[in-house]
**Student:** 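For reference, the structure I am asking about is given below.
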Amino acid sequence: MNILHQQHEDRAIGERSSVKDDAIQQVRARIQQATCVTVLTGAGISADSGVPTFRGPEGLWKNFRPEQLASSKAFERDPQLVWGWYNWRRELLATKTPNPAHFALAEMEGHVRNFLLITQNVDGLHITAGSKRVAEIHGNIWKVRCTVCQQVTINREVPLPLLPSCSCGGLLRPHIVWFGETLPAQVLEQSFNALQECDLLLIIGTSGLVYPAASFAPVAKDHGAYVVEVNLDPTPHSDLVDLSIQGRAKDIVPQMLSGVF
Ligand code: BV8
Ligand code: ZN
């Protein structure tokens with residue numbers, strides 16, 4: 001790389017980082033002004049904790065299409081295979097801890113009167129980081145539900161028996177929303193209210209491909225919210241949002257909140 005090109009490259013990097021710094025400064029100002037903040041997170045926020053994302057290179061679905069495992073049809077067909085997969089993820093997650101992005105959001109919650117963190121993640125890391133006002137719209141991998149009496153219990157046993165059963169004798173399943181299953185009405189209503197009322201929506205680490213979560217940003221935008229996206233790669237939302245900041249959540253999110261409160 002010749003000197004000129006190097007200088008040009010440095011200038012571009014310099015320019016890019018100054019653009020990013022300006023963007024982060026703008027978000028800080030928006031957070032300071034905001035009275036109602038909603039946050040939407042996806043697998044990307046947990047990537048920096050070593051949790052594989054769904055569509056990333058080490059993505060969970062690398063070998064399996066989502067429908068093959070995360071669906072009631074797959075569970076009816078072969079509950080042992082589905083439980084084998086969820087046990088593998090539970091063992092992996094049992095060794096993972098929240099990263100600075102999770103902690104920054106838990107910190108932020110303490111300073112904003114109207115706040116809701118909507119997550120697509122089932123890893124429970126937001127709650128572990130101290131977030132309280134959380135809507136886990138796709139469920140939680142540490143909860144199980146009986147397919148007979150529908151009782152929901154928290155179970156952090158690792159590993160679980162391959163076909164875990166309930167006290168009533170019924171087969172347990174992960175208390176998770178599978179593809180083709182509707183989201184619980186309560187968290188959907190809570191989420192849509194927060195999207196319609198917020199004056200700032202932060203979208204962090206999601207590819208924006210899975211519905212209904214993929215429809216949330218337009219709802220907030222249509223109700224006048226300022227929408228900011230933080231993601232490693234561009235997404236279908238990047239043209240819709242007011243500000244799209246590319247980078248790692250563990251770096252960008254704490255910067256967005258530093259010095260604000
Ligand atoms: C339903 C639990 C009623 C399981 C999950 C409309 C149009 C088309 C299809 C549909 C539609 N409506 C419904 C559907 C069908 C389906 C759907 O959306 N299919 C998709 C594939 C097209 N939706 C459903 O089935 C939903 N139910 O709608 O019921 C109904 C039913 C039938 C028909 C009509 C209506 C249920 C969806 C929920 C399924 N369960 N999870 C489990 O976890 O085991 S979804 C699961 O996948 C996750 O929870 C998450 O939602 C999604 C993965 O997306 P992301 O989290 O965004 O992760 P991904 O890897 O894709 O992206 C990570 C991003 O992070 C990347 O952009 C990357 O660049 C970035 N990143 C990486 N590292 C970092 C980073 N960013 C920052 N920092 C880093 N370090
Ligand atoms: Zn039962």
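Note that ligands are numbered from 1 as they come in the structure, with each ligand's atoms numbered from 1 the same way.
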**Student:** Report, in ascending order of atom number, the atoms of ligand 1 lying under 4.0 Å from any heavy atom of Thr53.
**Tutor:**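 Listed by number with element, the hits are 60 (O).
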**Student:** For atom 49 (O) of ligand 1, tell me which residue out of Arg89, Gln120, Glu67 has the closest non-hydrogen atom.
**Tutor:**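 Nearest option to atom 49 (O) of ligand 1, by heavy atoms: Gln120.
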**Student:** Just which atoms of ligand 1 are under 4.0 Å from any heavy atom in Gly247?
**Tutor:**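 So the answer, numbered in order with elements, is 77 (C), 78 (N).
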**Student:** In ligand 1, which numbered atoms sit nearer than 4.0 Å to a non-hydrogen atom of Glu181?
**Tutor:**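 In order of numbering, the contacting atoms are 1 (C), 26 (C), 27 (N), 29 (O), 36 (C).
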**Student:** How does Ala47 reach ligand 1, if at all, at less than 4.0 Å between non-hydrogen atoms: by side chain, backbone, both, or neither?
**Tutor:**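 The part of Ala47 near ligand 1 is the side chain, not the backbone.
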**Student:** Is it true that atom CG of Leu163 has more than 12 heavy atoms of other residues, nucleotides or ligands lying nearer than 6.0 Å?
**Tutor:**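 Check passes, neighbour count above 12.
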**Student:** Just one of Asn155, Leu93, Val122 clears the side chain to side chain contact (heavy atoms under 4.5 Å, CB included) bar with Trp142, so which one?
**Tutor:**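 The single option meeting the side chain to side chain contact (heavy atoms under 4.5 Å, CB included) with Trp142 is Leu93.
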**Student:** Report, rounded to 10°, the angle at the Zn ion (ligand 2) between the two atoms SG (Cys166) and SG (Cys149).
**Tutor:**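 Here the angle at the metal atom is close to 110°, to 10°.
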**Student:** Should Trp178 and Val82 be marked as a side chain to side chain contact (heavy atoms under 4.5 Å, CB included) after you check the CA-CA gap, both sets of side-chain angles, and the distance that decides it?
**Tutor:** CA-CA 11 Å; Trp178 282 334; Val82 173; 4.0 Å; yes
**Student:** Check each of Ser207, Ala70, Ala43 against atom 62 (O) of ligand 1 and report the one with the nearest heavy atom.
**Tutor:**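 Answer by nearest heavy atom: Ser207.
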**Student:** Tell me which one of Thr182, Ile137, Asn99 gets a heavy atom nearest to atom 3 (C) of ligand 1.
**Tutor:**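 Of the listed residues, Thr182 has the closest heavy atom.
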**Student:** Where is the tightest heavy-atom contact between Phe54 and Ala43, given as atom of each residue plus distance?
**Tutor:**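 The pair with the smallest heavy-atom distance is CD1-CB, 3.8 Å.
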**Student:** Are Thr35 and Asn114 close enough that a side-chain donor and a side-chain acceptor fall under 3.5 Å?
**Tutor:**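 Note: Thr35 and Asn114 side chains miss the donor-acceptor criterion.
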**Student:** Can you tell me if Glu91 has over 12 outside heavy atoms packed within less than 6.0 Å of its CD?
**Tutor:**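 Yes - once you tally the heavy atoms of other residues, nucleotides and ligands closer than 6.0 Å, there are more than 12.
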**Student:** How close do Leu105 and Phe115 get, counting heavy atoms only, and between which atoms?
**Tutor:**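 The answer is O-CZ, 4.2 Å.
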**Student:** Should the proximity of Lys250 to ligand 1, defined as any heavy atom under 4.0 Å, be assigned to the side chain, the backbone, both, or neither?
**Tutor:**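 The answer is neither.
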**Student:** Between Leu125 and Ser49, is a side chain to side chain contact (heavy atoms under 4.5 Å, CB included) present by the stated rule, with each step listed?
**Tutor:** CA-CA 9 Å; Leu125 291 179; Ser49 295; 4.0 Å; yes
**Student:** Under 4.0 Å from any heavy atom of Leu209, which atoms of ligand 1 are there?
**Tutor:**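 Per the distance check, 20 (C), 22 (C).
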**Student:** Regarding Arg113 and Glu197, does a basic nitrogen lie under 4.0 Å from an acidic carboxylate oxygen?
**Tutor:**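 Salt bridge between Arg113 and Glu197, a charged N being under 4.0 Å from a carboxylate O: no.
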**Student:** Counting heavy atoms only, name the option from Asn231, Asp233, Val177 that's nearest to atom 67 (O) of ligand 1.
**Tutor:**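 Minimum heavy-atom distance to atom 67 (O) of ligand 1 goes to Asn231.
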**Student:** Between Asp242 and Val227, which heavy-atom pair has the shortest distance, and what is it?
**Tutor:**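 Between these two residues, the closest heavy atoms are OD2-N, 2.7 Å.
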**Student:** Check for me whether Gly180 has a heavy atom closer than 4.0 Å to any atom of ligand 1.
**Tutor:**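 The answer is yes: ligand 1 sits under 4.0 Å from a heavy atom of Gly180.
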**Student:** Heavy atom under 4.0 Å from ligand 1: found in Ile176's side chain, backbone, both, or neither?
**Tutor:**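 The answer is the side chain of Ile176.
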**Student:** In terms of atom number and element, which parts of ligand 1 are under 4.0 angstrom from non-hydrogen atoms of Tyr86?
**Tutor:**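 Result: 4 (C), 42 (C), 44 (O).
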**Student:** Which of the atoms in ligand 1, numbered in the order shown and given with their element, are less than 4.0 Å from a heavy-atom of Gly205?
**Tutor:**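 Atoms satisfying the 4.0 Å criterion: 63 (C), 64 (C), 65 (O), 76 (N).
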**Student:** Thr235 to ligand 1: N or O pair under 3.5 Å?
**Tutor:**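 N/O-N/O distance below 3.5 Å does not exist for this pair.
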**Student:** Please work out whether any backbone atom (N, CA, C, O) or any side-chain heavy atom from C-beta onward of Ile45 is under 4.0 Å from ligand 1, and answer side chain, backbone, both or neither.
**Tutor:**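 For Ile45, no heavy atom sits under 4.0 Å from ligand 1.
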**Student:** Return yes or no for this condition: an N or O of Ala249 is under 3.5 Å from an N or O of ligand 1.
**Tutor:**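 In this structure, Ala249 places an N or O atom under 3.5 Å from an N or O of ligand 1.
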**Student:** How wide is the angle at the Zn ion (ligand 2) between SG of Cys146 and SG of Cys168, to the nearest 10°?
**Tutor:**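 About 100°, to the nearest ten degrees.
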**Student:** Quick check on contacts: which atoms of ligand 1 are under 4.0 angstrom from a heavy atom of Gly42?
**Tutor:**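 This gives 56 (O) as the contact atoms.
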**Student:** For atom 6 (C) of ligand 1, tell me which residue out of Tyr211, Trp85, Trp178 has the closest non-hydrogen atom.
**Tutor:**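 The option holding the nearest heavy atom is Tyr211.
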